[in-house]
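Here's the structure, in structure tokens; my notes come after.
In this text, all values refer to a predicted model and were calculated from it rather than measured experimentally.
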Amino acid sequence: MELLPSLIRMQASCKLFKPCALRSLVSFKIVYYSTIDTHSQTLGSSSSFPSNDDKFVVDSLISIFTKQPFTPNNPELNQLSPKITSQVVESVLKGLNSWKNAQIFFKWALNQPGFKHNSYTYNAMASIYSRTQQSVPLRVLIKDILNSCCTFAPGAFGFLIRCLGNVGLIQEANELFDKMRLIGLCVPNIYSYNCLLEAISKSGSIDLMETRLKEIHSLGLQFDKYTLTPIMQAYCNSGKFEEALSVYNTMHKRGWLDAHIYSMLAVSYCKWGKVDKAFELVERMDNLDIKLNEKTVCVLIHGFLKQSHVAKAVQLFAKLQKAGFTGDVSVYDALIGGLCRNKEIDKAFCLYSEMKELGIQPDVGILTKLLSSCSDTSIIAKLLEEIPEHEDDETVLRLYNAVLKGYSNDGLMDEACHLLQKLMGTKSSTDSLIDTAFKVKRMILPNTASFSIVIDGLLKKGMLDLALSLFIDMQIIACKPNILIYNNLIDELCKSNRLEETFKLMREMKESGLEPTHFTYNSIYGCLCRRKDVAGAIAILKEMHSCGHHPWIKYSTLLVKELCAQGRALEACHFLSNMVQEGFLPDIVSYSAAFSGLINIHEVDKALHLFKDLCSHGHCPDLAAFNIMINGLCKANRLTEVDNLLNEIATRGLFPSVVTYNLIIDGLCKNGSIDKAMLLLSKMLEENREPNVITYTTLMDGLCRAGRPDDALLIWNEMQRKGCTPNRIAFMALIHGLCKCCKPTAALQYLREMERKKMEADQYIYVALLSALLCDLNFPSAFEILREIVDRGFLPGSHDKNYMIVRDAVLKLSKDDRTSSGIQVLIEEGKLPTC
DNA sequence: CCACTATGAT
């Protein structure tokens, strides 16, 4: 793979350009990018100035061979026959209008006594076949060449090879190349090789190219720019990024870069999705005053748009307009399409006006794009005026549908319905803008697509019943609903929990010959799962199984979670085993939800049993499943068993995640093993498992529980130092922890910090602070908190367990000189109930 | 149409 670039580098670093090589390079420059026609003038002509006599012969022959039908025994031919030379034959071939006539003349000339084709006449014929893509006669021609023992100059031979490459006869070109050399009919030079490489690059055969390149090297021929160009092209085409760049760099070093190479690389960057690089290259070309050709510009613009870099495409277009480039309809179509997709309607309309000013007629495609992204009726009316009178019904309906799409996309469903009803003829004309817009146009019955657009629009806005009535309307005018319409209606009915209508629609769907899809079934399955209708879910699973559709994991999981949320984890497990009976093996994710449910109802052993059962039946638990089990064991204080699971995680090639660590740290904290928990924190740091807010919060809570508020504060600072911002829960855990440790003053500071950050603490935090401050005999602060409790509406009712705490506080504060008057005011304002 | 797992308090 690396061989080719290294070879190229090797040669590139050698001393290049003997004087003669330089001369030939200059001449290549002239011919290489010219078309085959001009090429033949450079390399394929034996003499530039035919004599007057020759001119007469040429004209006569052209006229004879152009006349239809051609008669071989034309007496004129006998007179001309002795006068033909290779120059004459060449000129006649170029003057004949069809390859067939040229072929007839070519064969006639061959049979004339004393005449022999040479490399120039062969090339002239080959060029005609090549231009007209006649590969079969071209193949015959090269056989003739080999049999004729006609010698070819290296340049002429290169030309012939290019003719073959042009019609895709790569293998033939390769074989001819070797045979000619072997027989001694040609001694190829670097130009001949360049032509061969160019042909090979078209076939994309990197291997073949490599072989030829080694051959060039071993013959001692020097590479030039035109050797590397096809090589780079081939690399670009086959997506060999590194290699292409390596060739590019070599060419850069040698100063061989030109517009063609730049364009090739820009287009390739575009294909490789590196739009920025492509754009950079275009800018570099701009600075170097190298012009891109129009075709390249179009390719780049289309490429940018395909990668949805609309802005860059527009920018490129503007840049090139300045350079005098005017786009055609297809460029405008692409740009307008991109802008519409990007919802940049104003810019799209700018381009639209621009093209009209330039006299480029917008086509139906452009109108469709603009209409589908526009909902301004007066603009729509203007656009519709563009429709030519003779346009067929199908096209006009496509444009009407685009209008419907535009309205629907912008949620203007009144307008969309109004237009649709007008098309159906169920709405008589009034004076609305829509009517004006469509007055001049023919009335065409809407089709399925029209209804599909409007029904979808209605569904997106939650107007299900209107959508359903349109669905009936369409059937009245004998318009057949398609699967998409059925599915979307069914999905929306399911989301609204309207199951009876759903089933009715599905029946109709089947009767009309449309098979429900996995989407249809899963809409219904999802609805049943949301309803926790286990029996219904199983019934639909049965039906799905019979027609080969699979239930979506998210819905099975949803049902399990919903049941578990109500403590019905055992039923959830039952459902999962029912699924198995129906032939669907639930995913580990659904099982995990069930484990979690079992653990929540303290059925850790059942969960553990099911977990091990699954493992032994080939199910592969993921890390989340392990975490759930670890959580269960931790909460049940069975920490020794956690170790077993950790070992199993390792055996399965998994790695404990932050979640795993957090769970175990929490388990250790709640178990009173705070020091072990702290050790785990250091282990996380060692293993580069970044601790998060939850890790730190868990530890702060644990330290406060262990009566170590100062250590908790150290952790708090450590967390912030690590750039981990505390959330509401972290603040509350710290404040509450400090209160429990009788540090209300410190706790109060953090409450204030929290308030500054616009985070609201729960009621219990205020209550905890209130009692801690009272305990600390800090009555003024306690009063402040009490007032906040009142202001925030956190005053507990008489059945609240905090009621006694607050009542007690009010009593104490009203007896203290510093706060009694404040309490009095609160009571007078009616904010505190008298006790 | 890839979902399941971890922190405070109640």
Side-chain angles (χ1 to χ4, degrees), chain A residues 487 491 517-523 525-526 529 544 549-561 564 572 576 586-600 607 611 614 619-635 645 649 654 656-670 677 680 684 689 691-705 712 715-716 719 724 726-740 747 750 754 759-769 794 796 800-802:
Chain A
N487 277 355
D491 192 44
T517 66
H518 73 121
F519 193 88
T520 329
Y521 281 114
N522 273 297
S523 292
Y525 180 57
C529 289
M544 286 168 84
H549 295 302
H550 288 268
W552 293 347
I553 295 164
K554 65 170 184 174
Y555 290 139
S556 310
T557 307
L558 179 72
L559 175 53
V560 170
K561 286 183 83 170
C564 289
L576 290 174
D587 192 87
I588 185 65
V589 172
S590 309
Y591 277 112
S592 293
F595 301 149
S596 198
L598 285 171
I599 284 162
N600 284 332
F611 180 78
L614 286 183
H619 238 111
C620 223
D622 60 4
L623 194 63
F626 274 107
N627 287 342
I628 291 165
M629 299 316 298
I630 288 173
N631 181 36
L633 291 171
C634 283
K635 297 280 145 68
L645 285 183
I649 286 175
L654 298 169
S657 66
V658 183
V659 177
T660 319
Y661 280 110
N662 288 349
L663 285 165
I664 302 172
I665 286 174
D666 192 49
L668 290 168
C669 284
K670 304 269 156 69
L680 266 190
M684 282 177 86
R689 279 267 177 270
N692 59 18
V693 209
I694 298 173
T695 320
Y696 291 116
T697 305
T698 308
L699 280 167
M700 284 185 317
D701 181 66
L703 287 165
C704 289
R705 272 169 209 271
I715 289 288
W716 174 267
M719 167 173 76
C724 179
N727 57 18
R728 241 183 111 245
I729 294 175
F731 267 107
M732 293 197 291
L734 178 68
I735 295 167
H736 192 232
L738 290 171
C739 287
K740 278 189 294 194
Y750 289 103
M754 212 182 154
M759 284 193 256
E760 199 169 346
D762 286 348
Q763 181 205 41
Y764 80 93
I765 293 294
Y766 286 92
V767 175
L769 258 170
F794 281 163
D800 198 315
K801 70 166 219 169
N802 288 326

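Look at CD1 on A:I665: it is 11 Å from C1' on B:dT7, rounded to the nearest Å. With rounding to whole Å, A:I628 atom CD1 is found 15 Å from B:dA3 atom P. The nearest whole Å value for the distance from the CG atom in A:N727 to the C1' atom in B:dA6 is 12 Å. Atoms CG (A:L769) and P (B:dA9) sit 14 Å apart, rounded to a whole Å. Between the CZ atom of A:R728 and the C1' atom of B:dT7 there is a distance of 12 Å, given to the nearest Å. Atom pair A:M544:CE and B:dC1:P shows a separation of 14 Å (rounding to whole Å applied). In this structure, A:N631 places its CG atom 8 Å from C1' of B:dT5, rounding to the nearest Å. In this structure, A:N692 places its CG atom 13 Å from C1' of B:dT5, rounding to the nearest Å.
Under 4.0 angstrom from either OP1 or OP2 of B:dC1 there lies at least one side-chain N or O belonging to A:K554. Residue A:R689 places no side-chain N or O under 4.0 Å from the OP1 or OP2 atom of B:dA6. Put simply, A:K635 has a side-chain N or O that comes within less than 4.0 Å of OP1 or OP2 on B:dT7. Contact check, A:K670 against B:dA6: no side-chain N or O comes under 4.0 Å of OP1 or OP2. For A:H736, no side-chain nitrogen or oxygen approaches OP1 or OP2 of B:dG8 to under 4.0 Å.
Residues A:S523 and A:D491 approach most closely at OG-OD1, 2.8 Å, considering heavy atoms. The minimum heavy-atom distance linking A:D762 with A:M732 is given by the pair N-SD, 3.5 Å.
Within the nucleic acid shown, A:N522 has no heavy atom closer than 4.0 Å to any nucleic acid atom. Within the 4.0 angstrom heavy-atom criterion, no nucleotide atom of any strand lies near A:H550. A:A624 comes within contact range of at least one nucleobase, with a heavy-atom separation under 4.0 Å. Counting any heavy atom pair closer than 4.0 Å across all strands shown, A:L663 reaches sugar-phosphate atoms only and no base atom. At the heavy-atom level, A:D701 lies under 4.0 Å from the strands shown only through sugar-phosphate atoms.
With hydrogens and angles ignored, the 3.5 Å screen pairs no side-chain donor or acceptor of A:S596 with any backbone N or O of A:A593. Without hydrogens or angle criteria, A:R689 side chain to A:Y661 main chain gives no donor-acceptor distance under 3.5 Å.
A distance below 6.0 Å separates the ring centres of A:F626 and A:F611.
Judged by atom type and distance alone, A:T698 does not reach the base of B:dT7 through any side-chain donor-acceptor pair under 3.5 Å.
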